[in-house]
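Read the structure below first, then the notes.
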There are 2 protein chains.
Amino acid sequence: MENTRDKLIHAAFDEIFSHGYQGASLSDILAKAGVHKGSMYHFFANKKEMALASIEETILKRNMEKYRYVETNTNGFLEEFYTRLRDTSVRDFKRGCPIANIVQEMSNIDEDFNVLMKSIYGAFRANIKAILDKAIEVGEMKPCDTAKLALFITSTIEGAILAAKASGNAQDYVDVIEELIEHIEGKR
Amino acid sequence: MENTRDKLIHAAFDEIFSHGYQGASLSDILAKAGVHKGSMYHFFANKKEMALASIEETILKRNMEKYRYVETNTNGFLEEFYTRLRDTSVRDFKRGCPIANIVQEMSNIDEDFNVLMKSIYGAFRANIKAILDKAIEVGEMKPCDTAKLALFITSTIEGAILAAKASGNAQDYVDVIEELIEHIEGKR
DNA sequence: ACAGAAATTGACCGATTAGTCAAGTGTATG
DNA sequence: CATACACTTGACTAATCGGTCAATTTCTGT
């Protein structure tokens with residue numbers, strides 16, 4: 001059974017992912033979580049603190065799972081990376097990427113969000129860089145500036161998700177990813 | 001002297017660019033425009049109609065100016081394109097890209113915004129494709145699937161702006177753009 | 001100058017917002 | 001059984017939200 005705080009974290013993340021932080025109604029979050037208002041204020045100081053907690057915890061947990069294979073694998077880093085990139089089933093092209101959404105909405109209007117998203121987006125880049133470093137380490141790839149390449153890859157991924165969201169066509173994501181993979185393959 | 005409607009269009013666009021559509025306060029827009037509420041409702045049916053008008057008119061006008069050179073030039077399409085891509089002075093890395101911001105915020109929650117942004121993002125892609133087609137026409141580039149390449153380019157640009165917004169570092173944009181240009185150069 | 005239209009003013013409305021809090025319930029420990 | 005702490009309930013507040021509208025001023029064409 002999920003406890004009250006977890007219910008709130010999940011409902012808040014889902015509402016924010018759907019409507020943005022500013023567009024997320026506190027009463028809708030409470031209704032979705034099945035939690036009363038006073039109860040929420042027992043766990044969080046205010047809407048913003050709940051939002052920050054829900055974003056940080058949810059995204060960090062996802063990333064933990066998503067990039068664990070880099071620690072356990074001993075080879076095939078790039079192929080595994082490509083497979084995951086191509087997997088559209090983990091994507092939500094209607095809502096887009098939660099990281100990008102919140103950066104876009106909040107980074108320039110609230111310093112606390114700015115700090116959090118800088119850290120989360122930085123972790124995203126670091127995860128991709130770790131894959132590239134591993135690939136180079138085991139000789140799947142020529143040495144290169146992996147920080148810059150990781151930046152390029154994350155940018156293109158985010159852009160691809162946005163393109164699919166704008167057009168309503170998941171194929172746009174696939175097309176961008178294929179060209180991105182070609183680009184990376186050129187560095188082997 | 002700017003008329004009332006234009007004042008509203010400009011103030012609305014600026015407020016929306018800064019705080020998003022949902023975060024943009026009508027009274028702030030009115031204060032910035034120096035226009036009273038009833039006056040605004042004389043020109044627009046509601047907040048949303050004003051927002052849609054301000055977004056469409058402002059972005060279409062910008063694009064008109066931005067890509068006019070494609071019609072007038074007779075060669076050097078790619079070099080001119082690179083120069084403009086590299087020009088960070090036209091970018092606002094704090095607020096990001098207005099197109100991307102509104103797509104992220106609104107495409108999945110309001111059908112009217114969705115339709116408008118699909119059209120605007122589509123025009124963005126079409127403009128880039130036109131440059132590539134011209135470049136191929138005059139032999140600056142080998143023939144290729146310009147629709148897909150344009151999609152890749154727009155995605156990467158949007159991702160680059162987002163990366164710079166997330167990190168607060170304009171250099172991230174520059175780095176992505178340089179790698180993107182290398183990628184395009186590979187197609188010559 | 002005058003009529004009529006266009007534009008402006010600003011008070012007002014109901015709905016919704018995030019946030020407060022006193023009272024109550026449940027549970028674990030002495 | 002009793003005390004204490006964690007948690008829950010839901011009514012309440014003040015502020016803000018987008019939106020309405022009748023009265024008034026300004027502009028325009030004849």
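For the numbers below, each heavy atom of this structure counts, side chains included, while hydrogens, waters and symmetry mates do not. Quick note on labels: first sequence line is chain A, next is B, and so on, each numbered from 1.
Taking 4.5 Å as the limit, some side-chain heavy atom of A:Tyr82 sits within range of a side-chain heavy atom of A:Glu79. Looking at B:Ile136 and B:Lys142, their side chains never come closer than 4.5 Å, going by heavy atoms from C-beta outward.
Between C:dT8 and B:Thr4, a contact under 4.0 Å exists linking OP1 or OP2 to a side-chain N or O. The side chain of B:Ser25 contributes no N or O atom lying less than 4.0 Å from OP1 or OP2 of D:dT16.
Here A:Asp14 pairs with A:Arg95 in a salt bridge; the nearest charged N to carboxylate O distance falls below 4.0 Å. Classification of B:Asp133 and B:Lys129 as a salt-bridged pair holds, one side-chain N sitting under 4.0 Å from a carboxylate O. Of the charged side-chain nitrogens involved, none lies within less than 4.0 Å of a carboxylate oxygen, so that B:Glu178 and A:Lys148 do not count as a salt-bridged pair.
Between the CD atom of A:Gln22 and the P atom of D:dT16 there is a distance of 16 Å, rounded to whole Å. Atom CE in A:Met40 sits roughly 9 Å away from atom C1' in C:dG19 (whole-Å rounding). Whole-Å rounding puts the B:Glu15 CD to D:dT16 P distance at 15 Å. If you measure from atom CD1 of A:Ile16 to atom P of C:dA18, you get 11 Å, rounded to the nearest angstrom. One can place CG of A:Asn3 at 15 Å from P of D:dA6, the figure rounded to the nearest angstrom. Summarising the geometry, the separation between NE2 on A:His42 and C1' on C:dT27 is reported as 13 Å, rounded to the nearest angstrom. Separating the CG atom of B:Asp6 from the P atom of C:dA7 is a distance of 13 Å, rounded to the nearest angstrom. Residue A:Ile29 contributes atom CD1, which lies 8 Å from atom P of C:dA18 at whole-angstrom precision.
Sequence order on DNA chain C of the closest nucleotides to A:Ser39 and A:Tyr21 puts A:Tyr21 first from the 5' end.
With hydrogens and angles ignored, no donor-acceptor pair under 3.5 angstrom links the side chain of A:Lys47 to the base of C:dG19.
Counting only heavy atoms from C-beta on, B:His36 has its side chain closest to C:dG10 among D:dG19, C:dG10, C:dT8. Of all nucleotides listed (D:dA11, C:dA6, D:dA6), D:dA11 comes nearest to the side chain of A:Lys37. If you check D:dC7, C:dG19, C:dT8 against the side chain of B:Phe43, the one that comes closest is C:dT8. Closest contact between the side chain of B:Leu26 and the listed nucleotides D:dG18, D:dT9, C:dT9 involves D:dG18. Distances from the side chain of B:Ser27 to the nucleotides D:dC17, D:dG19, D:dA6 place D:dC17 closest.
Note on A:Tyr41: a base of the nucleic acid sits closer than 4.0 angstrom, heavy atoms only.
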